[in-house]
Amino acid sequence: MRVLTMGFVGLALVTAGGPVECIAQEDAVRTAAMRPVRYELELRLDYEAEKLYGQVKLTVANRSATATNELPLLLYRTLTVAGLEDAQGRAVEFEQRLAGLDDWPQRQANVITATLSEPLGPGDTATLAISYEGYLLGYAETGTRYQQDRIDPEFTIIRRDPYAYPVVSYPSLQSMRAAGLPQFDYRATITVPESLTVANVGRLVEHRTEAGAASWVYVNHRTAWRMDFAIAEYGVHEAGGHKVFYFPQDSVGAGRVMDGLTGTLALYSEWFGPQRGDVRFTVIEIPDGWGSQTDVTGISQTAAAFRDPDRSNELYHEISHLWNVVDPDPAPPRWNEGLAEFLSELTAEELEGGEAVATAVEEQLRWIRERFVATPRYAGIPMADYGRENVTGLSYHVGIVMFAVLYDLVGAETFNEIVGGFYQRYADTGATTDEFVVYAKSVSGMNLGRFFHDWMYTTEWYPHVRDGATLDDLVTEYR
Ligand SMILES: [Zn+2]
């Protein structure tokens, strides 16, 4: 889903429904030196008491340049740490208190500060065992209505958004944002009544039952930035290693989702070349109003997308991200979102027919004309600066136009060489926006200097759009 896939998924949503502006802070934003690198999670859900019991072995790495023994953690406000030990089983000192986030006081959390017995040097890692328990009651009252999370046999989701497991951060949105997305591996064992299924986008490595309870063990396929476990009476479609978890009443829609999934993967492999490694993609249905989310190897999608055939674009969009290259820029412009928007429309044309690209681009041109007048600042921010200027939402709207123009300029074959070749070359190392531009210029066989100057590094594209240019006009302009 567009809005929900803006990188800092939880945060983008939080600001959408929560505080309009963060409180201005004079001090530099505090970001935790420690970052999570591995979670080993064991959770048991007690549906009668509506309570969860968790054990986490959390491995953190000190990513800063100085030694520190301070580990800030957040948990949901009614989850309490019962014990904290180091790898040798020695108790680790910690404090926990109920408090609002610094820049969002209505959103209360259990704010935990652990003090390691010995400081952790730069680059070093430490593993802590944390036991915690308590209740999940959601955050709907703070404006994040999709966070209805609770322990309920109808539907339960365990996820990062309401800190259902320990999140390494100071209690501030600014500090979460400044830290960027975490990158970690996980192994999780979730124990629930036998009648329920635990769905996750990772690999199911074990499913064992004992005395009416079932334990589901999942391991991430690729380095993850979130781990979600949706629990309900799910049906499962499996094909070629891909999975669709669905509510029984939506089995027809789930078949369509699976067809879209396998069809899109095949199409992109043909266009952009094979995926590095073994791709296993998972789609998990969640109830409407719970907020679709994306991780590296799967998505959770609200029921509406399973019932409405016109919502396939969201799936195409997410799958296209598998062919993206990681941008090492700390504040990337995220033009990949514009590329994903363009590819989802192109895929719709390919699989369903119609004039999806032209229609979508005209719609975005109208959007740009309105919004850039309402917010004149936008007309002065080049796409390359969208991250630094904190307007990556524009990457969806301006980016789809830019890629549609590029596609028509260079033709399908060269376009696929640009996008696919860039992925094949930089998938393992990552690459910056500048490297993308250099690469595109080098394989296009034509002069794309002015095109990228106008669309990526300046806003010289804007006067054309403001004055009413259509997609065809723009292509002519840059031909
Ligand atoms: Zn996206």
Side-chain angles (χ1 to χ4, degrees), residues 1-16 146 159-161 177 180-183 201 221-226 228 257 260-261 264-265 267-268 271-272 275 279 281-284 286 290-302 304-305 310-327 329 331-348 356-357 360-361 363-364 367 383-384 386-387 390-404 406-407 419-420 422-423 426-427 430-431 433 436 456:
M1 203 163 163
R2 263 168 219 175
V3 180
L4 307 179
T5 53
M6 293 171 62
F8 301 99
V9 169
L11 306 176
L13 284 167
V14 161
T15 46
Y146 82 98
R159 55 184 170 177
R160 166 190 155 95
D161 310 57
R177 214 173 264 141
L181 295 177
Q183 290 207 313
V201 301
H221 285 296
R222 295 186 180 186
T223 308
W225 72 271
R226 56 183 298 131
D228 294 17
V257 169
L261 170 57
T264 310
L265 285 166
L267 192 62
Y268 294 166
W271 286 349
F272 309 132
Q275 271 287 301
V279 182
F281 205 84
T282 300
V283 182
I284 300 169
I286 60 175
W290 286 72
S292 300
Q293 303 283 359
T294 308
D295 196 357
V296 188
T297 57
I299 58 179
S300 51
Q301 265 199 321
T302 52
D310 294 338
R311 296 278 296 273
S312 307
N313 279 30
E314 294 166 22
L315 183 65
Y316 308 153
H317 173 118
E318 300 309 343
I319 293 172
S320 82
H321 281 314
L322 288 171
W323 275 266
N324 286 169
V325 167
V326 175
D327 187 339
D329 187 333
R334 308 191 55 237
W335 46 262
N336 280 324
E337 297 301 346
L339 177 60
E341 289 291 279
F342 170 69
L343 290 174
S344 77
E345 303 297 346
L346 196 64
T347 307
V357 172
V361 169
E363 192 183 310
Q364 292 308 324
W367 188 96
M383 195 181 300
Y386 281 174
N390 208 11
V391 291
T392 52
L394 292 179
S395 293
Y396 294 74
H397 305 280
V398 180
I400 182 177
V401 179
M402 180 180 87
F403 282 105
L406 180 64
Y407 186 86
V419 174
F422 181 65
Y423 167 75
Y426 291 106
T433 296
F436 173 72
M456 193 65 92

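We count ligands from 1, going down the list as the structure has it; atoms in each ligand are counted the same way. Given the structure is predicted, the values throughout are model-derived calculations rather than measurements.
In terms of heavy atoms, A404 sits closest to V361 at CB-CG2, 3.6 Å.
For E337, the N, O or S atom closest to the Zn ion (ligand 1) goes by the atom name OE1.
Not one N/O/S atom of E341, from backbone or side chain, sits under 2.8 Å from the Zn ion (ligand 1).
Classification of the H317-Y396 ring pair by plane angle, with boundaries at 30° and 60°, yields parallel. In this pair, W335 and F403 present their aromatic rings tilted. The plane angle is within the 30 to 60° band.
Applying the side-chain contact (heavy atoms from CB on, under 4.5 Å) criterion to V419, with sequence neighbours excluded, gives F272, L339, F415.
Rounding to the nearest 10°, we obtain 100° for the angle at the Zn ion (ligand 1) between H317 NE2 and H321 NE2.
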